[in-house]
Amino acid sequence: MSAVYSVDVRIAAPVNDTEVTDRVADAVRNLFPEADPEQRPGELAAEVHTMDGFSQLLYEYEILDTARSVFFDSLEGDRFAFDLKKQAAFEGRVNFAVGDPSELGDIHVEVIVREPDAESYIDYVAPPTEDGTPVDTE
């Protein structure tokens with residue numbers, strides 16, 4: 001049985017003068033297929049209520065452990081946040097941005113978990129692994 005999750009995922013991506021807005025929107029949708037980015041001054045913003053598409057990419061690229069550590073590093077109460085490299089997102093790849101932001105700016109994602117709790121949701125999106133294989137936590 002799977003739990004019902006109630007989450008708000010806010011995505012913001014800076015759009016520089018040198019960039020094509022549609023390409024940045026595509027980059028966001030590559031990682032968050034449920035997103036419908038809207039243009040705001042200097043950025044694109046979207047809100048979705050699932051990370052299922054993103055989670056599939058974490059499995060596909062076998063970076064569940066990396067994702068878990070990034071999520072837990074920023075976990076505060078019911079929320080966690082992370083940044084993703086825009087260039088990788090253009091190519092449909094997940095690449096967490098750590099350290100200095102890239103010159104084009106990174107895609108910023110903030111996740112607020114309403115139900116049941118952030119730790120459970122992180123386990124759902126990026127389950128713990130053993131030798132790189134997801135471990136069933138239920």
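Within 6.0 Å of the CD atom in Glu130, the count of heavy atoms belonging to other residues, nucleotides or ligands does not exceed 12. In Glu60, the CD atom is crowded: over 12 heavy atoms of neighbouring residues, nucleotides or ligands sit closer than 6.0 Å.
Taken to the nearest 0.5 Å, the CG atom of Asn16 stands 10.0 Å off from the OG1 atom of Thr21. Rounding to the nearest 0.5 angstrom, the gap separating the CD1 atom in Ile122 from the CG atom in Asp117 is 9.0 Å. Put simply, CD on Glu76 and CG on Asp78 are 10.0 Å apart, with the number rounded to the nearest 0.5 Å. Going from atom NZ of Lys85 over to atom CD of Glu91 covers 12.5 Å, rounded to the nearest 0.5 Å. If you take CD on Gln87 and CD1 on Ile107, they are separated by 10.5 Å, rounding to the nearest 0.5 Å. Between the CZ atom of Arg79 and the CD1 atom of Ile112 there is a distance of 4.0 Å, given to the nearest 0.5 Å.
The aromatic rings of Phe82 and Phe96 sit perpendicular, their planes meeting at an angle over 60°, well past the 30° parallel limit.
The existence of a salt bridge linking Arg68 and Asp65 is excluded, since no basic side-chain nitrogen approaches an acidic carboxylate oxygen closer than 4.0 Å.
Linking ILVMFWY side-chain heavy atoms closer than 4.5 Å, directly or via other members, places Phe72 and Tyr5 in a single hydrophobic cluster. Criterion: ILVMFWY side-chain heavy atoms under 4.5 Å apart, direct or through other members. Under it, Tyr121 and Tyr59 are part of a common hydrophobic cluster. Note on Val94 and Val109: same hydrophobic cluster, where clusters join Ile, Leu, Val, Met, Phe, Trp and Tyr whose side-chain heavy atoms are under 4.5 Å apart, directly or indirectly.
By the side chain to side chain contact (heavy atoms under 4.5 Å, CB included) test, Glu115 is found to be paired with Ser6, residues two or more places apart in sequence or in another chain being considered. Taking Ser102 as the reference, Asp106 meet the side chain to side chain donor-acceptor pair (under 3.5 Å) condition, with sequence neighbours excluded. In this structure Asn95 satisfies the side chain to side chain donor-acceptor pair (under 3.5 Å) test with no other residue, sequence neighbours excluded.
What you find for Glu34 and Gly53 is that their closest heavy atoms are OE2-N, 3.2 Å. Here the closest heavy-atom approach between residue Ala67 and residue Leu58 is recorded as CB-CD1, 3.7 Å. Counting all heavy atoms, side chain and backbone alike, Ala35 lies closest to Val28 at CB-CG1, 4.0 Å. Minimum heavy-atom separation, Gly105 to Lys86: O-CE, 3.5 Å.
Hydrophobic cluster of Phe90: the remaining members, joined at side-chain heavy-atom separations below 4.5 Å, are Val15, Val24, Leu44, listed by chain and number. Hydrophobic cluster membership of Val20, counting Ile, Leu, Val, Met, Phe, Trp and Tyr whose side-chain heavy atoms lie under 4.5 Å apart directly or via other members: none, as it forms a cluster of its own. Clustering of Ile, Leu, Val, Met, Phe, Trp and Tyr side chains at separations under 4.5 Å leaves Leu104 isolated, with no partner residue.
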| task | With salt bridge (Lys or Arg N to Asp or Glu O under 4.0 Å) as the test, would you mind laying out the steps for Arg29 and Asp26 before giving the verdict? | result | CA-CA 5 Å; Arg29 279 192 291 264; Asp26 287 344; 3.2 Å; yes

| So Val113 and Phe80, side-chain contact (heavy atoms from CB on, under 4.5 Å) or not? Walk me through it. | CA-CA 9 Å; Val113 183; Phe80 60 97; 4.3 Å; yes

| message | Run the side-chain contact (heavy atoms from CB on, under 4.5 Å) test on Glu119 and Leu75 for me, step by step, so that the C-alpha distance in whole Å, both residues' side-chain angles and the decisive distance to 0.1 Å come before the verdict. | response | CA-CA 8 Å; Glu119 287 90 347; Leu75 181 62; 3.7 Å; yes

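Tyr124 and Asp52 are linked by a side-chain donor-acceptor pair at a separation below 3.5 angstrom, with hydrogens and angles left out of the test.
Using a 4.5 Å heavy-atom cutoff, the side chains of Val111 and Met51 are in contact. Between Asp8 and His49 the shortest side-chain heavy-atom distance falls below 4.5 Å. The shortest distance between side-chain heavy atoms of Leu84 and Phe32 falls below 4.5 Å. In this structure the side chain of Pro14 never reaches within 4.5 angstrom of the side chain of Glu19, judged on heavy atoms. Counting heavy atoms from C-beta outward, Val135 and Pro127 have side chains that stay 4.5 Å or more apart.
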